[in-house]
Amino acid sequence: MLKIPVFIFSAWLLRGSFMAAQVISQASIPAQLPSGAGIYDPSLNPKVQSLLRKMTLDEKVGQLVQYSAGQPTGPGTGRTDYEDMLAKGQISALFNISTAKETNAYQRLAVEKSRLHIPILFGLDVIHGFRTEFPIPLALASTWDPQIVENAARVAAKEASATGIRWTFSPMVDIARDPRWGRITEGAGEDPLLGSVMSAAYVRGYQGSRLDAPDSIIACAKHYVGYGAAEAGRDYNSTEISEHTLRQYYLPPFQAAVNAGSASIMSAFNAINGVPASANPFTLKQVLRKEWGFKGIVDSDWTSIAELIPHGIANDGSTAARKAFSGGVDMDMASSLYHDHLAALVKSGKIPVEEIDEAVRRVLRVKFALGLFERPYVDESREASAMLQPSSLGLAQNAAERSMVLLKNAPGPNAAPLLPLSKDDRAIALIGPLADDSSSMLGAWQGLADSKDVASFPVALTKQIGEDHLLRAKGVNVIGGSDEDINAAVAIANKADLVILALGESGGEMTGEATSRAHIGLPGRQQELLEKVVATGKPVVLLVFSGRPLTMPWAFQHVPAVLAAWFPGIEAGSALVRTLYGESNPSGKLVVSWPRDVGQEPLYYNALSTGRPIDPATPDNNYVSRYIDEQNTPQFPFGFGLSYTSFKYGATRVAAKQLKASHLMPKLGNGGTVLSVSADVTNTGQRAGEEIVELYVRLEGTSVAQPVRALKAFEQVALNPHETKTVTFNLPADAFALWNDQNKYTVEAAKATVWISPDSARGEGAAVEIIP
Ligand code: BGC
């Protein structure tokens with residue numbers, strides 16, 4: 001039986017008013033991947049071996065070379081002779097090509113012209129959809145629902161594979177604690193547990209139950225590792241991450257991807273403690289290969305092998321190729337240095353040919369597992385019909401509705417919360433640069449989405465309230481705008497009974513790769529527009545479109561209703577209208593701490609206490625870990641999100657007051673229950689609603705200081721008005737585990753506190769003692 005580590009995510013759902021919760025543990029245990037799980041299937045080995053035996057050294061090197069043949073997403077290599085190279089067997093994979101006609105044409109060259117007829121693998125950054133664009137990954141994570149993510153990835157796989165693409169450079173599972181980093185939009189936020197759950201969900205969705213199904217594509221968990229810790233939030237910047245922090249926070253989502261069967265991993269651009277991630281034997285060989293047993297492809301990020309030179313660990317291309325390859329990178333994306341130097345490095349004895357063979361085996365195994373040798377071509381006649389299926393659009397709309405986070409909902413003119421709006425004959429002014437920006441609704445990495453397919457917000461709103469009731473003015477652009485336009489918008493606001501302001505960042509240009517921002521407030525003159533519109537005295541609903549939390553303390557103080565809409569994708573308009581009018585009741589919760597000011601960054605909930613935490617009893621003491629000019633707390637904590645109804649949490653109850661570390665240790669990774677924790681949750685409002693119930697643990701007295709809270713489980717609970725449910729989490733031993741001072745995953749004697757709470761800052765904890 002195949003023994004590989006697995007990341008457990010089990011769910012028990014009982015009926016009635018008693019609920020047990022989804023529990024996730026972070027341990028490795030031997031497990032069996034589903035049959036046909038592809039790269040771990042031992043029946044592939046003889047095929048791989050027999051092909052490898054026929055290959056020349058140059059052909060082997062060719063299997064480790066990848067280029068972009070379409071629209072570049074990074075600096076080019078200057079090469080354009082792909083056709084000639086394919087015929088010579090010098091290319092293994094191409095990406096950024098996205099029609100069936102083109103992939104088939106390139107494939108024909110590889111299969112028909114090259115000596116060994118080895119098919120090529122086509123890749124693309126299919127990040128949150130292909131033609132059917134889903135909300136950005138940060139928004140998808142805000143649903144806290146792995147099934148939504150898995151469904152979205154499945155739709156993306158079906159659409160992309162219809163064009164011959166069988167490899168997506170997704171999921172991005174980088175833990176991100178700093179919203180200055182533009183790529184925070186691409187991930188699942190700051191928490192390792194939530195990040196791991198989402199990571200596995202993407203992999204399951206893309207890869208399906210069998211890799212050789214024509215509509216399965218391989219995943220590529222990226223960017224391994226620590227890329228999200230870029231200092232000062234500046235993209236591509238270096239990182240300093242202790243082994244403890246790496247193991248406890250940054251590695252788990254990658255391990256989750258590996259354990260879900262991800263067939264590839266992308267090595268990152270950043271240096272970790274001085275060693276670039278694309279030439280890092282500790283992370284790539286020790287952790288990924290030895291500890292986790294990963295057998296898939298390690299692909300470099302775009303020219304990250306060539307970048308070893310500016311990083312300062314190689315003075316020429318040959319050394320860069322040697323260090324990357326010896327460090328554990330199988331395939332060279334776009335830098336061409338493997339093509340230029342690997343064969344010579346083998347001939348000069350600097351790289352053993354056995355290591356080349358092993359890397360080539362990994363690539364061939366993936367190609368066999370995908371069924372590419374049997375079916376190298378895609379059926380061009382079925383390409384169009386795979387796209388934009390009604391069921392896919394339905395999933396996209398549901399995902400968008402579930403991803404929005406209601407941040408504030410204070411009373412409007414009639415003393416009731418301003419949202420949801422009612423269908424009456426009020427005149428509504430729709431103002432702001434994001435009110436009618438279909439392209440931005442698609443966010444960063446738009447795949448093959450067409451902004452013309454996006455459900456327009458003004459159109460959907462007009463349908464809802466009638467043309468006569470909608471007044472419109474842009475006010476300003478995302479950046480820039482004139483006094484006249486602002487004045488015109490204020491005049492429109494004055495004529496209306498209520499204003500919907502759509503403000504934020506532009507989806508494509510201000511979020512995603514290479515979009516770090518030092519100032520993370522509303523860009524341009526939007527703050528000015530906001531203040532002038534609010535000064536009219538009209539009730540204002542603020543829709544924030546962004547790929548990161550934006551610092552807007554003034555807005556949170558002065559605007560009654562604020563909805564974080566992120567970039568909702570192709571069904572933006574319909575999802576927004578349904579949410580504003582209460583046909584969908586918001587249930588999304590933040591997966592990042594929302595800062596008050598950029599100076600607080602990096603700001604994350606699972607931080608350490610410090611030796612001088614703030615003591616609420618002595619608020620004037622400055623000799624504690626604090627700012628003299630800003631609060632420590634976020635504007636909104638991790639896990640926060642409102643609903644149109646309200647929920648009340650009872651006290652956290654634990655089934656035992658004491659646990660034994662020595663009993664827990666053998667159970668690490670084995671699932672099972674070591675402690676049941678419950679709380680009553682009541683819907684105290686007038687509407688049915690869904691609440692994400694969160695469970696946090698703190699451990700004190702351990703060998704390495706542990707965070708003030710760490711998420712260990714969560715569950716979505718549906719409650720009718722006045723209904724109470726007892727939510728029970730059956731926690732496995734892993735909920736009390738940590739990476740200790742010897743970098744071992746274990747359970748230590750500790751004073752534990754367990755909270756069942758609506759977010760990471762509230763709740764009434766229960767004490768549990770862990771004795772040796
Ligand atoms: C990005 C990767 C992406 C690759 C290929 C790089 O610049 O960092 O996330 O997959 O380009 O487009």
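Whatever order the structure lists them in is the order used to number ligands and atoms, beginning at 1. Everything numeric in this text was worked out from a predicted model, so none of it was measured.
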Q) Does the N or O separation between Glu186 and ligand 1 drop below 3.5 Å for any pair? A) no
Q: Check whether any N or O atom of Asn96, backbone or side chain, sits under 3.5 Å from an N or O atom of ligand 1, and answer yes or no.
A: no
Q. Is it true that Phe95 and Trp302 have ring centroids separated by less than 6.0 Å?
A. yes
Q: Output the distance between atom CZ (Phe169) and atom CE (Met333), rounded to the nearest 0.5 Å.
A: 4.0 Å
(Q) Counting the benzene-type ring for Trp, do Tyr106 and Tyr82 have ring centres under 6.0 Å apart? (A) no
Q: Scan residues 221-233 for pairs that pass salt bridge (charged side-chain N to carboxylate O under 4.0 Å, His left out), counting only residues two or more places apart or in two chains.
A: Asp125-Lys222
Q | Contacting atoms of ligand 1, where contact means under 4.0 angstrom from a heavy atom of Phe95 | A | 5 (C), 12 (O)
Q. Could an N or O of ligand 1 be found under 3.5 Å from any N or O of Trp302, whether backbone or side chain?
A. no
Q. Should we count CG of Asp81 as having more than 12 external heavy atoms under 6.0 Å?
A. yes
Q. Is the number of heavy atoms from other residues, nucleotides or ligands under 6.0 Å of Lys158 NZ greater than 12?
A. no
Q: Could you list the atoms of ligand 1 found under 4.0 angstrom from a heavy atom of Arg183?
A: 1 (C), 2 (C), 8 (O), 9 (O)
Q. Would you say ligand 1 has an N or O under 3.5 Å from any N or O of Lys222?
A. yes
Q: Give yes if a backbone or side-chain nitrogen or oxygen of Asp125 is under 3.5 Å from a nitrogen or oxygen of ligand 1, and no if not.
A: yes
**Q.** Proximity flag Met266 to ligand 1, non-hydrogen atoms under 4.0 Å
**A.** yes
Q.
Only heavy atoms of Phe169, strictly under 4.0 Å: list the atoms of ligand 1 that pass.
A. 10 (O)
Q | Any residue meeting side chain to side chain donor-acceptor pair (under 3.5 Å) with Thr185, in chain and number order, not counting sequence neighbours | A | none
